[in-house]
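A quick write-up on the structure given underneath.
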Amino acid sequence: MDDKKCPESKDSLGHKTWVLLHSIAAHFPLTPTEKTKQSYKDFFETFPYIYPSYSCAKDFQELMSSTPPETESRESLQLWLCKVHNIINKKLNKQEFSCKIKDLELRWRKGPPECYPEQADDIDENNIVF
Ligand SMILES: Cc1cc2nc3c(=O)[nH]c(=O)nc-3n(C[C@H](O)[C@H](O)[C@H](O)COP(=O)(O)OP(=O)(O)OC[C@H]3O[C@@H](n4cnc5c(N)ncnc54)[C@H](O)[C@@H]3O)c2cc1C
């Protein structure tokens, strides 16, 4: 384990932030109430205003205006976030990610069997791993 106590770099903070945001989307309730839909929308719209990297935050604010959060369902939120992340990937000349729901589920909620060596036969549909 890295025991250096350094502040996050832009890349490290960005990576951890995407992990958090995609995990939030992947665990969005399957039957959200209107209040839940609005809370998640408010969260994603507010987030760019508190993101602690000025250049990233500014782009993210603009993206929230041009491509507003889609919180009707878990699937719509996951697909929206994938699209938004790919816009940033493209800008940074990074490879785009497949925005098929099965690929997003595999990456952010279910994981391949090697993620669960001791319980591979024991993963249910609503597996919550953290
Ligand atoms: C809101 C925001 C704005 C940013 N703006 C900038 C910027 O303007 N300039 C800059 O230099 N950096 C910016 N960053 C950081 C940048 O996006 C990366 O996080 C950083 O470069 C590290 O990249 P990475 O290769 O670790 O993968 P990341 O892009 O951090 O992705 C993390 C993981 O997410 C998965 N993934 C990738 N794309 C998708 C997708 N579309 N859908 C689902 N999963 C996906 C992959 O498994 C990947 O390993 C921003 C980050 C955030 C959160």
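We count ligands from 1, going down the list as the structure has it; atoms in each ligand are counted the same way. The first residue in the sequence is number 1, and the count goes up from there.
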| Is there at least one pair of N or O atoms, one from Trp18 and one from ligand 1, spaced under 3.5 Å apart? | yes
| task | Can you pull out the closest protein heavy atom to atom 14 (N) of ligand 1? Residue, atom name and distance to 0.1 Å, please. | result | Cys56 SG, 3.7 Å
| query | Looking at Asn86, which atoms of ligand 1 are within less than 4.0 Å of one of its heavy atoms? | reply | 41 (N)
| Would Tyr51 and Phe47 count as a close aromatic pair, with their ring centres under 6.0 Å? | yes
| query | Tell me, do Pro29 and Arg74 make a side-chain contact under 4.5 Å, heavy atoms counted? | reply | no
| request: Around atom 47 (O) of ligand 1, find the nearest protein heavy atom and jot down its residue, atom name and distance. | output: Arg107 NE, 2.8 Å
| request: Check whether any side-chain heavy atom of Ser23 sits under 4.5 Å from a side-chain heavy atom of Trp108, and report yes or no. | output: yes
| message | Could you tell me, atom by atom, which parts of ligand 1 come under 4.0 Å of a heavy atom of Trp108? | response | 34 (O), 35 (C), 43 (C), 44 (N)
| Please state which protein non-hydrogen atom is closest to atom 40 (C) of ligand 1 and give its distance, to 0.1 Å? | Phe97 CB, 3.3 Å
| message | Below the 3.5 angstrom mark, is there an N/O of Ile88, backbone or side chain, next to an N/O of ligand 1? | response | no
| message | Can you check which of Cys82, Cys99, Ala57 brings a heavy atom nearest to atom 42 (N) of ligand 1? | response | Cys82
| Would you say Lys83 touches ligand 1, if touching means a heavy atom closer than 4.0 Å? | no
| query | How does Asn89 reach ligand 1, if at all, at less than 4.0 Å between non-hydrogen atoms: by side chain, backbone, both, or neither? | reply | side chain
| Does the side chain of Ile88 come within less than 4.5 Å of Leu63's, by heavy atoms? | yes
| field | Which atom of Ser76 lies closest to which atom of Glu70, heavy atoms considered | value | OG-O, 3.3 Å
| request: Using a cut-off of 6.0 Å, state whether more than 12 heavy atoms not belonging to Gln95 lie near its atom CD. | output: no
| message | For the OG1 atom of Thr71 and the CD atom of Glu34, what is their distance to the nearest 0.5 Å? | response | 8.5 Å
| query | Do Cys82 and Lys100 come close enough that some side-chain heavy atom pair is under 4.5 Å? | reply | no
| Proximal atoms of ligand 1 relative to Asp59 (non-hydrogen, under 4.0 Å) | 8 (O)
| With a 4.5 Å heavy-atom cut-off, do Phe44 and Trp80 have their side chains touching? | yes
| query | Quick one: does Asp11 get an N or O within less than 3.5 Å of an N or O on ligand 1? | reply | yes
| Trace of the side-chain contact (heavy atoms from CB on, under 4.5 Å) decision for Arg109 with Gln78 | CA-CA 11 Å; Arg109 205 170 64 86; Gln78 286 175 287; 5.5 Å; no
| said: Heavy atoms only, cut-off 4.0 Å: how does Thr17 contact ligand 1, side chain, backbone, both, or neither? | reply: side chain
| query | With a 4.5 Å heavy-atom cut-off, do Arg107 and Phe97 have their side chains touching? | reply | yes
| said: Which option wins on minimum heavy-atom distance to atom 29 (O) of ligand 1: His85, His15, Lys94? | reply: His85
| note | Nearest non-hydrogen protein atom to atom 11 (O) of ligand 1, with distance, is Lys10 CE, 3.4 Å
| message | Which residue and atom name correspond to the protein heavy atom nearest atom 15 (C) of ligand 1, and how close is it? | response | Gly14 CA, 3.9 Å
| Please state which protein non-hydrogen atom is closest to atom 43 (C) of ligand 1 and give its distance, to 0.1 Å? | His22 CE1, 3.1 Å
| Does some side-chain heavy atom of Glu45 sit less than 4.5 Å from a side-chain heavy atom of Lys41? | yes
| For ligand 1, which atoms sit closer than 4.0 Å to a heavy atom of Lys91? | 7 (C), 8 (O)
| Under-4.0 Å heavy-atom contact with ligand 1, by part of Leu104 that carries it | side chain
| said: Need the ligand 1 atom indices (1-based, order shown) with element for anything under 4.0 Å from a heavy-atom of Leu92. | reply: 9 (N), 10 (C), 11 (O), 12 (N), 13 (C), 16 (C), 17 (O)
